[in-house]
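Proteins get letters first, then strands, A, B, ... in listed order; numbering begins at 1 in each.
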Protein chains: 2
Amino acid sequence: MVDDSEKMLLAYAGKRIRETRAAQGLSLEQLARLTGISGPALSLIETGKRDPRLTTLKRIADALRVAPATLIADGPVTIEPSLTATSGGYDLGEYQ
Amino acid sequence: MVDDSEKMLLAYAGKRIRETRAAQGLSLEQLARLTGISGPALSLIETGKRDPRLTTLKRIADALRVAPATLIADGPVTIEPSLTATSGGYDLGEYQ
DNA sequence: GACGATCTTACCTTTAAAGATAACAAGCCT
DNA sequence: AGGCTTGTTATCTTTAAAGGTAAGATCGTC
């Protein structure tokens, strides 16, 4: 991670996560329990100091009941649900 | 990474990356040079065998000239550009 | 001012992402 | 068949994410 735009994305995603969490009245510790991610790790992510893995982002998005994409898009996101999508989205029968 | 839905997200994102790359007539090696990500690493990501970091996803998205969110959303994505957004989006003056 | 809740930071360990390189597997083409 | 391109897989090293724990910092509130 060297690029400025990468730091900005991390800061932005962290801000979105914190906003979404706050909007639901969740404490950082509560989100930690919901996601299985430690409090310190969540704090680092929300403050843009850590570069989370994609599945880490997904665990947070799931706990907050939003699509992962909404946490990194720079504006309101409209996701057109695919017709074949199951509850979790991402309809690939057995990962293919 | 234990969850099935996480594997599905990785497989799905990889598929989207590969589709986008193919649509632009880029070889894996060309994308590797554009992103600075090694060929083997890209191959693992595109086949859903690796859990990329958020900034890794961004480097790929940038090279493919799409928003990072489009690579993980399970359907067509509409991102409403924020009025204050600069070219790169993510308008946070000095990462705040 | 002491207390509690909430978040941050530091330190340590374990695990895995990422780069490099090399070997291997298909396809394709003449 | 031989070479060429393209992608996959394996091994190794370095770096950093993630968990745990504990120590600070910043608040409100009593």
Side-chain angles (χ1 to χ4, degrees), chain A residues 1-64 68 71-72 92 95-96, chain B residues 1-64 68 71-72 92 95-96:
Chain A
M1 199 246 296
V2 234
D3 194 340
D4 259 19
S5 71
E6 293 177 5
K7 288 187 195 164
M8 285 175 58
L9 172 59
L10 295 184
Y12 183 79
K15 195 175 149 213
R16 294 279 287 237
I17 292 169
R18 177 151 295 184
E19 284 169 358
T20 308
R21 174 171 67 81
Q24 303 186 12
L26 291 172
S27 74
L28 194 141
E29 272 308 318
Q30 286 176 317
L31 184 58
R33 278 191 293 275
L34 284 174
T35 56
I37 298 167
S38 69
L42 272 182
S43 176
L44 290 172
I45 292 169
E46 288 191 350
T47 52
K49 298 185 182 69
R50 182 167 287 188
D51 187 2
R53 296 179 189 161
L54 185 47
T55 60
T56 302
L57 199 71
K58 179 176 186 343
R59 285 159 72 188
I60 296 170
D62 285 353
L64 295 175
L71 297 178
I72 62 174
L92 323 141
Y95 330 134
Q96 200 64 236
Chain B
M1 198 247 295
V2 233
D3 194 340
D4 259 19
S5 72
E6 294 178 5
K7 288 187 196 164
M8 284 174 60
L9 172 58
L10 295 184
Y12 183 78
K15 196 174 148 210
R16 292 279 287 240
I17 292 169
R18 178 152 294 184
E19 284 170 358
T20 309
R21 174 171 67 80
Q24 303 186 13
L26 291 171
S27 73
L28 193 141
E29 273 307 320
Q30 287 176 315
L31 184 58
R33 278 190 292 275
L34 284 174
T35 56
I37 299 166
S38 69
L42 271 181
S43 176
L44 291 172
I45 291 169
E46 288 192 350
T47 52
K49 299 186 181 70
R50 181 167 288 189
D51 188 359
R53 296 179 188 160
L54 185 47
T55 60
T56 302
L57 198 71
K58 180 178 186 341
R59 285 158 73 188
I60 296 171
D62 284 352
L64 295 176
L71 297 179
I72 63 174
L92 323 141
Y95 330 134
Q96 199 66 239

Taking 4.0 Å as the cut-off, does a side-chain nitrogen or oxygen of [X] come that near to OP1 or OP2 on [N]?
X: A:Arg21; N: C:dC7; value: yes
X: B:Arg53; N: D:dA18; value: no
X: A:Thr56; N: D:dA17; value: no
X: A:Ser43; N: C:dT9; value: no
X: B:Lys49; N: D:dT8; value: no

Item to complete: Flag the pair B:Glu46 and B:Arg18 as a salt bridge only when some basic side-chain nitrogen lies within less than 4.0 angstrom of an acidic carboxylate oxygen.
Response: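 Result for this pair is yes, salt bridge flagged.
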
Nearest whole Å is fine: how far is [N] [atom2] from [X] [atom1]?
X: B:Ile17; N: D:dG7; atom1: CD1; atom2: C1'; answer: 15 Å
X: A:Ile37; N: C:dC7; atom1: CD1; atom2: C1'; answer: 16 Å
X: A:Leu10; N: D:dA18; atom1: CG; atom2: P; answer: 11 Å
X: B:Ile45; N: D:dT9; atom1: CD1; atom2: C1'; answer: 15 Å
X: A:Leu57; N: D:dA18; atom1: CG; atom2: C1'; answer: 15 Å
X: A:Leu28; N: D:dA25; atom1: CG; atom2: P; answer: 19 Å
X: B:Leu54; N: D:dA18; atom1: CG; atom2: C1'; answer: 16 Å
X: B:Arg33; N: C:dA18; atom1: CZ; atom2: C1'; answer: 18 Å

Does [X] reach the side chain of [Y], with side-chain heavy atoms less than 4.5 Å apart?
X: B:Leu10; Y: B:Pro52; value: yes
X: B:Leu9; Y: A:Thr55; value: no
X: B:Leu28; Y: B:Arg21; value: yes

Indicate, with a heavy-atom threshold strictly under 4.0 Å, whether [X] touches base, sugar-phosphate, or nothing.
X: B:Leu44; answer: nothing
X: A:Gly36; answer: sugar-phosphate
X: A:Pro40; answer: base
X: B:Leu42; answer: nothing

Worksheet item: For B:Leu64 and B:Leu31, what are the C-alpha separation, side-chain angles and deciding distance, and is it a side-chain contact (heavy atoms from CB on, under 4.5 Å)?
Response: CA-CA 8 Å; B:Leu64 295 176; B:Leu31 184 58; 4.0 Å; yes

Discussion item. Can you work out whether A:Arg18 or B:Arg50 has the more 5'-proximal nearest nucleotide on DNA chain C?
Written reply: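 The residue closer to the strand's 5' end, by nearest nucleotide, is A:Arg18.
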
